[in-house]
Amino acid sequence: MASPDITAPTLQFEDVRSPGNQDQVDAGGFSLNLNPGDLALFFFESKYRIPEIANLATGMTQASRGDIQFLGKSWSGRNPQEVLASRREIGRVFAPRGGAAWLQNLDVDENVMLPQFFQPGVTKKEVQAQTMEMARRLGMDHLPSGRPSRTSTADLTRAQWVRALLPRPLRLLVLERPGYSVPPQQIEPFIEQVNLRRGEGTAVLWIDLPNEINHRSRLLPTCEFETLPEGLKGSF
Amino acid sequence: MPHLLGKIGNGCIAKARSIFYLSTMLCAGLTLSVKPSTWVFPLRNRLARQILFAGVQAVPFTIMVAALAGGMVYLQCFFWLQYTDKVEFLGRMVAALLFRELAPFLVTFIVIGASASAVTTELATMKTTGEVTLLEAQGIDIFNFLAVPRMIGLAVCVLGLSCIFLFVSIIASALGFILFNGEGQGPQPFLISVFDSVRISDWITLITKSVIPGLFMGAICSYEGLKVEGTSTEVPQAVSRAILRSISATVLVSTAVMLITYL
């Protein structure tokens with residue numbers, strides 16, 4: 001497997017149009033270069049439009065026009081094993097109601113650790129230690145150990161933070177409404193960790209509703225996008 | 001007429017494609033299962049759960065069926081051989097029936113009844129609720145994570161339960177011998193005759209007829225479950241297809257192994 005081009009932008013959208021219908025985001029012919037350490041802030045008026053851009057960025061959805069590259073290589077030009085290996089370098093907070101964020105037949109802590117066991121050469125003890133360390137950094141004494149259906153929404157969101165920040169190396173963070181249902185004061189350690197990761201070269205896509213984000217000043221975004229009737233409009 | 005021929009042709013192509021796909025799954029599953037790097041902690045955990053749910057929990061039922069089947073086989077063989085005046089072949093006949101046919105065949109059906117619907121429903125529900133997409137989004141190979149432990153787990157369950165079935169059914173047959181031989185003998189002559197007549201080919205037949213249908217069952221249930229698209233209303237149809245195809249595969253494999261053994 002070819003090693004990733006770490007000198008290339010982390011994520012590139014080149015004249016991309018989403019294949020979505022009217023209920024999904026129309027990323028109509030927009031381009032974006034996201035370099036290591038950059039943070040792009042996306043605002044969507046409708047919560048139902050949020051997963052589309054995240055799916056495009058992670059190669060889960062193919063663009064109907066244009067090309068999306070991760071670390072200098074198009075998602076469509078990778079073989080299935082390369083695609084999976086690349087996704088293991090992406091941390092993601094999944095949107096509430098945007099699809100499944102949890103495997104219901106595993107406990108929350110098992111869900112959080114699951115992707116890390118597929119990183120080559122890691123042991124169970126290492127994964128458990130890294131997970132507990134990350135949970136502590138994010139202000140949690142322990143991870144919820146029950147089934148996701150019996151865990152509060154706020155605890156699930158915070159467990160998603162831990163899961164998103166665990167991959168090593170972490171090239172890209174895709175955050176869909178990461179503050180959903182969490183009290184504003186509790187999101188501070190998460191923003192701190194995101195900024196720390198940006199300093200280490202992780203690029204960030206932060207996708208949110210305009211009325212939900214009340215910590216904008218601490219994010220220091222590189223660029224911002226908002227949805228207009230004609231598509232995504234950016235400001236840099 | 002051309003329309004009918006086209007339909008038959010399309011049906012045959014679809015069937016051939018499905019068999020090819022299942023064979024590919026089987027080969028890929030076996031290849032992955034012998035690599036130590038495949039068995040990361042969540043897969044070992046899933047395999048253990050699969051063996052617990054499909055195998056360990058089916059042990060009491062298997063013991064009951066084996067006891068009844070062993071007794072029935074003994075009685076049928078005893079009365080027919082007595083009728084034809086060939087009672088000296090009793091041990092050999094009971095051994096051949098239990099080792100080569102009954103144990104793997106009945107146990108595979110028990111496991112199909114106990115687990116095929118559960119595995120297919122679980123995977124199909126994961127597909128319709130987006131959990132399979134979630135795994136892909138996290139860079140987890142769904143074949144590796146979902147199909148391999150189920151295939152290997154079901155094969156281990158069928159083999160293990162076949163051995164238990166065999167043990168219990170031979171004991172039941174020995175009890176039948178004590179009760180019906182009419183000469184007041186203990187079970188030793190019968191058991192010696194049974195074990196003397198078992199050859200290495202019988203063990204190979206037992207293992208082949210247990211492991212291959214178990215692997216096929218796991219592959220078929222995973223294939224049908226993960227093939228579901230769209231809504232949960234497709235789940236019962238997938239379950240029904242998985243059960244019928246698992247039975248077909250079991251019968252085909254048993255027939256093929258029997259032909260190879262006897263010809």
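All chains are named by letter (A, B, ...) in the order of the sequence lines, taking the proteins before the strands, and each is independently numbered beginning at 1.
Note on B:R49 versus B:E122: no salt bridge recorded, every NZ/NE/NH1/NH2 to OD/OE distance being 4.0 Å or above. With respect to the salt-bridge test (charged N to carboxylate O, under 4.0 angstrom), the residues B:E234 and B:K227 do not qualify.
Only the side chain of A:E110 comes within contact range of chain B, with at least one heavy atom under 4.5 Å from a heavy atom of that chain. Contact of B:R44 with chain A is not made at all, since no heavy-atom distance falls under 4.5 Å. Looking at A:I90, there are no atoms closer than 4.5 Å to chain B (heavy atoms on both sides), in backbone or side chain.
By the 30° and 60° cut-offs, the orientation of the rings of B:Y223 relative to B:Y21 is tilted. In this pair, B:F145 and A:F118 present their aromatic rings perpendicular. The plane angle is above 60°, beyond the 30 to 60° band.
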